[in-house]
Amino acid sequence: MFHLNYRMFRKLASEVCLLAWLAGFALPAAASETSATDFIDQAFNEQPQAKTLWLTADLRAQISRDLNYDFHQMRVRYWRSGARSAWILEEVGKEQPITLGVVIDGDAIDELRVLAYRESRGGEIQQGYFTRQFHGAVLEGEGRKARLSNSIDGITGATLSVRAAQKVAKLALFLHAHTQQNG
């Protein structure tokens, strides 16, 4: 008999939401949500090339080792034009997945935007005063010491949402660098 524990349920629920989003199914939307299409259109002056990065076991191990992040997805879709890329990634805050869009230009974050916030509290991370802190951030250090160059101020009552945004920002920078080096 198959037993589904809480952690497995959360992971499965997050993946179902992401798959539904990738397939274009409508999910319940908050008034402040930005569609993925709008985010991508606003991130580029020209039509970007949609790409898929397959995450091999070695790459997932490197993410785990360098970012201390157990990222279990098999593939990630991203958009690229020259040295500019856009990533739409999800990370669970306290209980619900938070969908974030990250635009990277060169090696630095140009924009981080919350596309869908589903938690009951901590929604302040959607505000410009919070997301602007990521502008210009690069990934510094190597191995377990990899961190964002910008100091990100927390928000009282939104600690897990802030951490989720930081994890996604670091992951997007890492994946961007990987795709720039490996095509």
Side-chain angles (χ1 to χ4, degrees), residues 9-55 69 71-106 108-137 148 150 152 155 158 160-180:
F9 173 78
R10 282 182 49 188
K11 182 180 179 310
L12 181 63
S14 175
E15 288 175 359
V16 166
C17 287
L18 181 59
L19 288 173
W21 172 80
L22 288 172
F25 292 106
L27 295 175
S32 64
E33 286 189 10
T34 300
S35 78
T37 304
D38 289 344
F39 175 73
I40 299 303
D41 288 346
Q42 294 166 10
F44 295 93
N45 293 328
E46 57 195 40
Q47 183 64 35
Q49 185 177 14
K51 295 182 158 271
T52 301
L53 173 62
W54 288 90
L55 290 113
Y69 187 178
F71 193 65
H72 298 287
Q73 284 185 232
M74 297 298 290
R75 65 180 178 259
V76 176
R77 189 163 184 212
Y78 68 103
W79 295 261
R80 182 167 135 188
S81 179
R84 189 173 179 85
S85 67
W87 303 82
I88 298 177
L89 301 164
E90 285 194 330
E91 178 60 30
V92 173
K94 181 176 182 179
E95 298 172 339
Q96 300 294 320
I98 303 167
T99 306
L100 297 121
V102 183
V103 177
I104 300 171
D105 200 352
I109 294 176
D110 187 52
E111 179 182 11
L112 180 135
R113 188 182 316 170
V114 177
L115 303 180
Y117 191 82
R118 300 171 185 91
E119 296 283 1
S120 60
R121 44 180 72 116
E124 296 89 348
I125 73 161
Q126 300 173 84
Q127 302 300 318
Y129 70 84
F130 176 76
T131 59
R132 280 190 296 272
Q133 296 180 88
F134 291 88
H135 185 79
L148 292 175
N150 294 10
I152 306 298
I155 296 172
L160 297 176
S161 296
V162 169
R163 286 182 187 158
Q166 290 173 314
K167 286 171 81 172
V168 164
K170 288 181 0 180
L171 179 63
L173 285 164
F174 179 89
L175 295 174
H176 173 83
H178 176 79
T179 59
Q180 293 292 93

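On a predicted model such as this, the values are computed, not experimentally measured, just so you know. The analysis underlying the following values was restricted to heavy atoms, covering all of them including side chains, and did not include hydrogens, waters or symmetry mates.
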For this session: Provide the full list of salt bridge (Lys or Arg N to Asp or Glu O under 4.0 Å) pairs with a residue in residues 121-135, sequence neighbours left out, each pair given once.
Result: none
Any donor-acceptor pair under 3.5 Å from [X] side chain to [Y] backbone:
X      : Y      : result
His176 : Gly106 : yes
Asn150 : Gln133 : yes
Glu119 : Lys94  : yes

Seminar exercise, completed: Sorted by chain and residue number, the side chain to side chain donor-acceptor pair (under 3.5 Å) partners of Gln47 (sequence neighbours excluded) come out as none
Exercise. Of all residues at least two apart in sequence or in a different chain, which pass the side chain to side chain donor-acceptor pair (under 3.5 Å) check with Glu111?
Worked result: Arg113
Exercise. Under the side-chain contact (heavy atoms from CB on, under 4.5 Å) criterion, do Glu91 and Ile98 qualify, and how do the steps go?
Worked result: CA-CA 5 Å; Glu91 178 60 30; Ile98 303 167; 5.8 Å; no
First locate atom [atom1] of [X], then atom [atom2] of [Y], and finally report the distance between them rounded to the nearest 0.5 Å.
X      : Y      : atom1 : atom2 : result
Leu171 : Tyr69  : CG    : OH    : 5.5 Å
Leu89  : Tyr78  : CG    : OH    : 12.5 Å
Trp87  : Ile40  : CH2   : CD1   : 11.0 Å
Thr131 : Leu100 : OG1   : CG    : 10.0 Å

Problem set entry | Leu53: which of His178, Gln73, Arg75 passes side chain to side chain contact (heavy atoms under 4.5 Å, CB included) | His178
Problem set entry | Residue of the set Leu115, Val76, Val168, Val102 for which side chain to side chain contact (heavy atoms under 4.5 Å, CB included) holds with Ile88 | Leu115
Problem set entry | Evaluation steps, side-chain contact (heavy atoms from CB on, under 4.5 Å), between His135 and Asp110 | CA-CA 5 Å; His135 185 79; Asp110 187 52; 3.4 Å; yes
